[in-house]
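In what follows, a single structure is set out as structure tokens and then discussed.
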Amino acid sequence: TDVFRLINSEGDRLSGVVVDVLGSHVVVQSSAGWAERYREDIEGALRDTLGVQKCDVTWRAIASMLKEEGVGTGALAAAAAADGVANG
């Protein structure tokens, strides 16, 4: 199948990151400050791992959790604007 969960947060020792693969589309849910900081590296690693350089990656930052970690709302708003996705 080409639809599966690649990363399951704490279950895969990557706290705050969930990655679902839907064919050539990848959805990343981030609720950790470290993941926001290394977003470009994570996206690149996903493309390399999946062998699909031109896959679409949707990045969904979970604002309520990131706020608890002290991630600024400006950074979250910028990420949402770049993706066209509402954070929640």
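The figures here come from the full heavy-atom set of this structure, side chains too, leaving out hydrogens, waters and symmetry mates.
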Report yes if some heavy atom in the side chain of Ile42 is under 4.5 Å from a heavy atom in the side chain of Trp59; otherwise report no. yes

Can you name the residues that form a side chain to side chain donor-acceptor pair (under 3.5 Å) with Ser24, not counting sequence neighbours? none

Taking Phe4 as the starting point, is it possible to reach Val26 by hopping between hydrophobic residues whose side chains are less than 4.5 Å apart? yes

Verify same cluster id: Leu50, Val19 (apolar side-chain graph, 4.5 Å): yes

Got Val27 and Arg60 here, is their nearest side-chain heavy-atom distance under 4.5 Å? yes

What distance do Glu36 atom CD and Ser31 atom OG have between them, rounded to the nearest 0.5 Å? 9.0 Å

Write down the atom of Ala35, the atom of Val17, and the distance for their closest heavy-atom approach. CB-CG2, 3.5 Å

Between Val28 and the options Ile7, Leu6, Leu46, the side-chain contact (heavy atoms from CB on, under 4.5 Å) test singles out Leu46

Give a yes or no answer on whether the side chain of Trp34 reaches the backbone of Ser15 with a donor-acceptor pair at less than 3.5 Å. yes

Which residues satisfy the side chain to side chain donor-acceptor pair (under 3.5 Å) test with Arg5, sequence neighbours excluded? Asp20

Supply the members, apart from Val18, of the Ile/Leu/Val/Met/Phe/Trp/Tyr cluster built from side-chain contacts under 4.5 Å; use none for a lone residue. none

Backbone N or O of Gly16 within a donor-acceptor pair of the Ser9 side chain at under 3.5 Å? yes

